[in-house]
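Values reported hereafter were calculated over all heavy atoms of this structure, with side chains retained and with hydrogens, waters and symmetry mates removed. Treat the numbers as computed from the prediction; the structure is a model and nothing was measured. For ligands, and for the atoms within them, numbers begin at 1 and follow the listed sequence.
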Amino acid sequence: MAKMTIEDLDLKDKKVLVRVDFNVPLKDGVITDDTRIKAALPTIKYVLDHDGKAILFSHLGRVKTEEDKAGKSLAPVAKRLSELLGKEVTFVPETRGEKLEAAIAGMKDGDVVLFENTRFEDIDGKKESKNDPELGKYWASLGDVFVNDAFGTAHRAHASNVGIASTGIPTVAGFLMEKEINFVGGLVENPKRPMVAILGGAKVSDKIGVIENLIDKADKILIGGGMTYTFYKALGHSVGKSICELDKVDLAKSLLEKADGKIILPIDTVCADDFSNDAHTEIHEKNVPDDLEGLDIGPKTVELFTKELQGAKSVVWNGPMGVFELSNFAKGTIGVCKAIAELPDAITIIGGGDSAAAAEQLGFADKFTHISTGGGASLELLEGKTLPGLAAINDK
Ligand code: ADP
Ligand code: MG
């Protein structure tokens, strides 16, 4: 990586500010998925093993009003982190002030402090999310060096990442940031070929940037999900009641022209008379009948996509092939997961929150080389955009 990483710093006796991504799902104060906490452990452990003092902070959800604070405290995360590390984590329920400063002043090498949700600073003027320079400066003043390991927020310029970095404090990437950039960024910039992109999800409008960027970079683009029907419309097929963005039909046409055969669309569709698991379903080739809606790719398409994936040396998957949340429309996504899982020696990557959830839910998570922890950030990498959080890290 062209950026400095935590391994380039001497951490001994240093107060190490670590921006982590602890934006975990919580239900009634209980963490329902601790993947992101686990993903931050290598960086935190590295700081402790090298005799640094780890000062951790993260955002959690969105906070606009005083009422929004309920259920958005990082206190449950501190508890879980302490269990995972097997050591005490001092939680400071503040984002600034004397208590926080005293806790940091009392730290010994190898100690861990986690302070409160950085977005609690958003209540009074969006200081965190609007990258208020005074806030970034204050947080920077609490440490000697800054490690940004929050890949999930790297597509945003906030006080807790870009703000701190722009004060001039030594700023490096943590291990998670490095891994995500190497896998997701590396796959886009310098893929092993042939490279196949599989794109799905609900809407073309969400994925235009990705399709445009990958048209030049991928060897093939397989398209499924709700996007299919905007492309079908562009080809003159009937789409019935399927999700279809009429204002994007011309764009779909021009993408198909530009792709020059690289874009491969489904050849059959699972059509339903209702958006539910109890719906009556029929499989149709290309044209969707007027009274039905397409909710998954059909079995012939799974076969076609499996064939198109053969020989791939790298694969990026973003967007489910159907409404996988309903079991009757999960077969396409399962089929594609299986086809990717069975590739003998390909680098396989998932970028996209719902796709990651689908792989997890359908039991394929351990079959991929890398599942990105940041939906929005990985999408922007796939779009070829520069992530401000990454750009603010010191160059090697
Ligand atoms: P990701 O988070 O992986 O980038 P998206 O957010 O773009 O994925 O899309 C995920 C959503 O797309 C899922 O909730 C899924 O139900 C929906 N979806 C997939 N296929 C269809 C379809 N044919 N019609 C309507 N929604 C669909
Ligand atoms: Mg999504």
Side-chain angles (χ1 to χ4, degrees), residues 23 25 33 35 152 155 180 184 188 197-211 213-214 221-233 237-246 248 252 265-277 279 281-284 286-289 292-298 301-302 305 315-337 340 348-362 364-365 368 370-383 385:
N23 185 28
D33 180 359
T35 307
H155 59 312
E180 293 272 11
V184 188
V188 178
I198 307 174
L199 304 177
K203 297 194 286 180
V204 179
S205 49
D206 290 342
K207 304 288 159 84
I208 294 166
V210 178
I211 302 173
N213 189 38
L214 293 184
I221 301 178
L222 315 182
I223 285 186
M227 280 207 279
T228 305
Y229 310 100
T230 306
F231 284 98
Y232 271 12
K233 192 96 191 169
H237 302 328
S238 54
V239 299
K241 292 180 176 165
S242 311
I243 182 171
C244 176
E245 292 165 278
L246 292 175
K248 294 288 178 291
L265 291 168
I267 49 174
D268 61 347
T269 286
V270 181
C271 305
D273 64 355
D274 188 24
F275 194 94
S276 93
N277 252 339
T281 63
E282 297 167 12
I283 291 168
H284 288 273
K286 293 183 179 170
N287 293 304
V288 179
L292 302 181
E293 77 182 295
L295 295 182
D296 195 10
I297 58 173
T301 303
V302 171
F305 285 5
V315 177
V316 61
W317 174 38
N318 175 285
M321 295 291 102
V323 183
F324 74 95
E325 297 93 335
L326 301 173
S327 58
N328 285 346
F329 308 102
K331 288 194 193 81
T333 303
I334 294 174
V336 164
C337 271
I340 301 172
T348 57
I349 290 174
I350 300 180
D354 289 292
S355 315
E360 191 75 50
Q361 188 186 313
L362 303 172
F364 288 94
F368 288 82
H370 178 70
I371 299 181
S372 178
T373 57
S378 59
L379 193 74
E380 293 203 10
L381 274 185
L382 295 177
E383 289 172 339
K385 287 189 186 156

### Message
Looking only at N, O or S atoms, which one in Asp354 sits nearest to the Mg ion (ligand 2)?
### Response
OD2

### Query
Any donor-acceptor pair under 3.5 Å linking the side chain of Tyr232 with the backbone of Pro266?
yes

#### Entry: Reported CD-to-CD1 distance for the pair Glu360 and Ile350, which is rounded to 0.5 angstrom
9.0 Å

### Message
Can you list every protein residue that has a heavy atom under 4.0 Å from any atom of ligand 1, sorted by chain and residue number?
### Response
Gly201, Ala202, Lys207, Gly225, Gly226, Tyr229, Ile243, Gly294, Leu295, Asn318, Gly319, Pro320, Gly322, Val323, Glu325, Gly352, Gly353, Asp354, Ser355

### Message
Taking the side chain as everything from C-beta on, heavy atoms only, tell me whether Lys207 gets closer than 4.5 Å to Asn318.
### Response
yes

### Message
Quick one: does any side-chain atom of Asn287 pair with a main-chain N or O of His237 as donor and acceptor, under 3.5 Å?
### Response
no

### Query
Is Asp206 close enough that one of its N/O/S atoms sits under 2.8 Å from the Mg ion (ligand 2)?
no

### Message
Strictly distance-based, threshold 3.5 Å: is any side-chain N or O of Glu180 a donor or acceptor partner for the main-chain N or O of Thr373?
### Response
yes

#### Entry: Short side-chain to backbone donor-acceptor contact, Asp296 and Gly332, under 3.5 Å
yes

### Query
Do side-chain atoms of Ser238 reach the backbone of Gly240 as a donor and acceptor pair under 3.5 angstrom?
no

